[in-house]
Structures are given as structure tokens and as C-alpha cells.
There are 2 protein chains.
Amino acid sequence: MCIIQNMRMSQGVEWALHTCLNLTYVESGQAVPTAALAKFYALPPAYLNKHLQALVRAGILSSTPGPRGGFRLARRPEAISLLDVVTAIEGSGEAFPCDQILREGPGGRPDVDYRHACVIAGAMRHAELAWRRELAGRSLADIRAEVETRYPDTPRNTRERFAALLG
Amino acid sequence: MCIIQNMRMSQGVEWALHTCLNLTYVESGQAVPTAALAKFYALPPAYLNKHLQALVRAGILSSTPGPRGGFRLARRPEAISLLDVVTAIEGSGEAFPCDQILREGPGGRPDVDYRHACVIAGAMRHAELAWRRELAGRSLADIRAEVETRYPDTPRNTRERFAALLG
DNA sequence: CTAATCTGGATGTGTATTATCCAGAATATG
DNA sequence: CATATTCTGGATAATACACATCCAGATTAG
Ligand code: SF4
Ligand code: SF4
């Protein structure tokens, strides 16, 4: 019937967002290893680690090897936007794939970069910018504040689970 | 190195947008078969036809079988938004995949629908709405007007190519 | 020194996109 | 009516990529 249900970002974004949010509850100075972060939501440890590495490369987390090592936030939650996390996992590529088919059209020139010249590509890019702007305007601290307003038990629950996992 | 570059919509969106835009230049009453639409940009005819079928189901195009049959716009260009076309090809699913991992977290309940309860999912949905709003506010007629301002030759080029392909 | 932990590359697996083909239905034309 | 044209939609194949695992090597706490 219908052939497509595309345009989804990787599930790693969800993992990364939740993990970063949880890490805001860890007392600074303490690192959490991949194994504990994975157990938090019963995620596959080796694969979650790949995403954590991406977050480190993006400067959102910092990592420490060795015993009592692991990951911690590299910046204050106020300084980490949702866009930062999404971009770290998804990359910064545009959602609208332009194959420059205009080159095959009437008057098409192989030497022109239609990604900049094309009105359609411009409109799609404009819409995508609106999306990025929304995500850039919301920080982990904002999310945490809203969570605590709606679910006051969250801080205690999160800290208790971390305590149990770090035992 | 980096493991992911996701979050792309299908290339069919580009084909559909260009094809719909081109169809605004066909004198109403005349239909264009898949073969001609495919040759316009050297696209694979059988696969393009799948996307055209999706556009018909969405009420954007209408189709006529038989000789001198083919596709034409089902509504005026002013009444077709970019979002209409994107949704017809991509589906209306959300870009942020929520696996409800909170169910595995502390205090998680299997009977709660966290897609509505979760603050993160809400923030992502909010950003996506901004994207949709932008696309919904731009019609094929708007795009066409901008194209003609910047590239005055486009109407003639397009009509000539159609004439040659239908000849 | 030893155990714990991160890093990054190699590799496997499964799903979804991309693409083709064909039988059947509908229709314009003569 | 006969025929050629064209759309419809299911079946199927090829390909790309997200998802996932594993391991050797590097780093560090104790
Ligand atoms: S016209 Fe725009 S969307 Fe189409 S191929 Fe060119 S750049 Fe891409
Ligand atoms: S907390 Fe939100 S994003 Fe995370 S699993 Fe639940 S609904 Fe999805």
C-alpha cells in the first residue's frame, strides 16, 4: 500500500537525551560508566557506548578511563541545548536530500550548484532552520525544570537508581 | 568514525515537489503520463510512478488511465502546500522516535503512555510543529512566483520540454 | 601490577529504501 | 468493437544503512 514511512531520526537521540538529562542529577565530580547508564533503561551497553563517544566528541560529555571512570557532563545543563545533543548523534546534515535533479532538467548546467540556487531547496532549508531554532532554544536545564514541576519524584527516583547501579 | 547520518526524508520528496511544480505549467485539461514526467529529470519511471500514486491518494494529483491519460494537479497551486506534498510521500509520522524507554526507568509503569507524558518527547514534538508550520505556509504558487522572479526563463523552458516530451 | 574502563576499528544482522516487473483494469481512438 | 495506451497495486529483488556485538589497545585508580 503505502511505500514509505521515512524521516525518522535515530533512536540513539532518545537514548542520548535521557542519559544526558539523568547525568544532571549526578553529583559533579562523579563519573558513571557505560554499564550503569545502559542498565538505567535496559539498553545494549556496547551500542549505547558508541553514542556516548559521539557525545564526548561533541564536547557534551567528558570521559575518564579506568576504575571509577565513566562519563559526566562536560558543561552546565544550562549550556547544553537539545540541538547540541541531536546534532551530536544525527550529524548536521540537512533532512531534505537534494540530488540536484535540476541538472537533468531544461536549462540545467552541470557546473551550477543547485543546492543554493534552487527555490525548493531554499524553502526546505528555511523550514528546517525553524526546527533547529526551537531545539536550540531549549536547554537540559529547561527540560529538567519542567520535569520536576510535573513529576516531583523524579530527582529522588533518579538519584536512587544511580546509587543502586553504582553500588 | 561517526556512526550515523540519519534524519533524511526520502528522495521521493524532491521528485514529487519538482514534478508538482512542473505540472503547474501544463495547461489545465491536459494530463502528463509517467513516462514523460520521468524523462523530465531522467528519473526511473516505475519508481516515480509509485510516488505519483501516493500523491493521487493524498488528493494532490488526479490520474486518468488510457491513451492521452496521465497525471494532472487535482487542485489549484495556491491550495497545495509544501507540507501537503511532504506528508503525502513521507507519511505523517513524527521524526522523533519514542521507544518509551522510561518504562524501564525508575518509577516506570508499563501502563502509562510516555509519548504524551514525557517532557522530552513534548519538546521534540514542539520543534517539529514549527517545521510543519513553515512548510504549511508555503504553497506551490508561492514557490512558482519566486522561481519566476529569479529565473524568468523557467516557464518557457518548462513548457518547451513538456511539448517535446509529449510531442 | 591488576582490574576497571574508555576508544575505535572490524564485523555481523536485520530492516527499510530504492527499484523493477507484471497481470489486470480503465479509457481514448478509429 | 478492437487495439493501443496508461494507471493500479501486488510481488519481488537489490542495495544502503541503522542497529548491535566484539575485541585489541590505551589509560588510570588503587
Ligand atoms: S531544484 Fe532544488 S531540490 Fe531540486 S534538485 Fe535542484 S537543488 Fe535539489
Ligand atoms: S521519556 Fe519521552 S522520549 Fe523518553 S521514552 Fe518516554 S516518551 Fe520517549
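Owing to the predicted nature of the structure, the values given are computational and were not obtained by experimental measurement. In what follows, every chain begins at residue 1, and chains take the letters A, B, ... in the order their sequences are listed.
Residue pairs satisfying the ring pair (Phe, Tyr, Trp, His ring centres under 6.0 Å) criterion with at least one member in residues 136-167 of chain B, sequence neighbours excluded, are listed as follows: B:Phe40-B:Phe162. Here salt bridge (Lys or Arg N to Asp or Glu O under 4.0 Å) pairs that include residues 73-88 of chain A, with residues two or more places apart or in two chains, are A:Arg75-A:Asp84, A:Arg76-A:Glu78. Among residue pairs with one or both ends in residues 123-133 of chain B, those qualifying as salt bridge (Lys or Arg N to Asp or Glu O under 4.0 Å) are B:Glu128-B:Arg132; sequence neighbours excluded. Identified under the side-chain hydrogen bond (donor to acceptor under 3.5 Å, both in side chains) test for residues 31-45 of chain B, with sequence neighbours left out: B:Asn22-B:Tyr41, B:Thr34-B:Asn49.
Of the side-chain N and O atoms in A:Ser10, one or more sit less than 4.0 angstrom from OP1 or OP2 of D:dC19.
As a whole-Å value, the separation of B:Arg57 CZ from D:dT8 P is 8 Å. For B:Leu165 and D:dT5, the CG to C1' distance is 17 Å, given to the nearest whole Å. Separating the NZ atom of A:Lys39 from the C1' atom of C:dT5 is a distance of 14 Å, rounded to the nearest angstrom. Here the P atom of nucleotide C:dT7 and the CG atom of A:Leu48 are 12 Å apart, to the nearest Å. Whole-Å rounding puts the A:Asn49 CG to C:dT7 C1' distance at 8 Å. In this structure, A:Leu52 places its CG atom 14 Å from P of C:dT5, rounding to the nearest Å. When rounded to the nearest whole Å, the span between CZ of B:Arg8 and P of C:dA16 equals 17 Å. Distance, A:Gln53 CD to D:dA26 P: 16 Å, rounded to whole Å.
Scanning residues 22-38 of chain A for heavy-atom distances under 4.0 Å to DNA chain C yields A:Pro33, A:Thr34.
Computed from C1' positions of five pairs at each end, the angle between the two local axes of the helix from C:dC1-D:dG30 to C:dG30-D:dC1 equals 20°, rounded to 10 degrees.
When the side chain to side chain donor-acceptor pair (under 3.5 Å) test is applied to A:Asn157, no partner is found at least two apart in sequence or on another chain. B:Trp15 meets the ring pair (Phe, Tyr, Trp, His ring centres under 6.0 Å) test with B:Tyr47, B:His51; sequence neighbours excluded. By the side chain to side chain donor-acceptor pair (under 3.5 Å) test, B:Ser139 is found to be paired with B:Asp142, residues two or more places apart in sequence or in another chain being considered. Under the salt bridge (charged side-chain N to carboxylate O under 4.0 Å, His left out) criterion, A:Arg138 pairs with A:Glu146, sequence neighbours left out. Listed by chain and number, the residues in a side chain to side chain donor-acceptor pair (under 3.5 Å) with A:Glu148 are A:Tyr25 (sequence neighbours excluded).
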Contact string for nucleotides 19-28 of chain C, one letter per nucleotide 5' to 3', B = base within protein heavy-atom range under 4.0 Å, S = sugar-phosphate only, - = neither, reads BB-----BBB

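A chain of hydrophobic side-chain contacts below 4.5 Å, direct or via other Ile, Leu, Val, Met, Phe, Trp or Tyr residues, connects B:Leu165 to B:Leu52.
Under the 3.5 Å distance criterion, with hydrogens and angles disregarded, a donor-acceptor pair is assigned to the side chains of A:Thr64 and A:Arg72.
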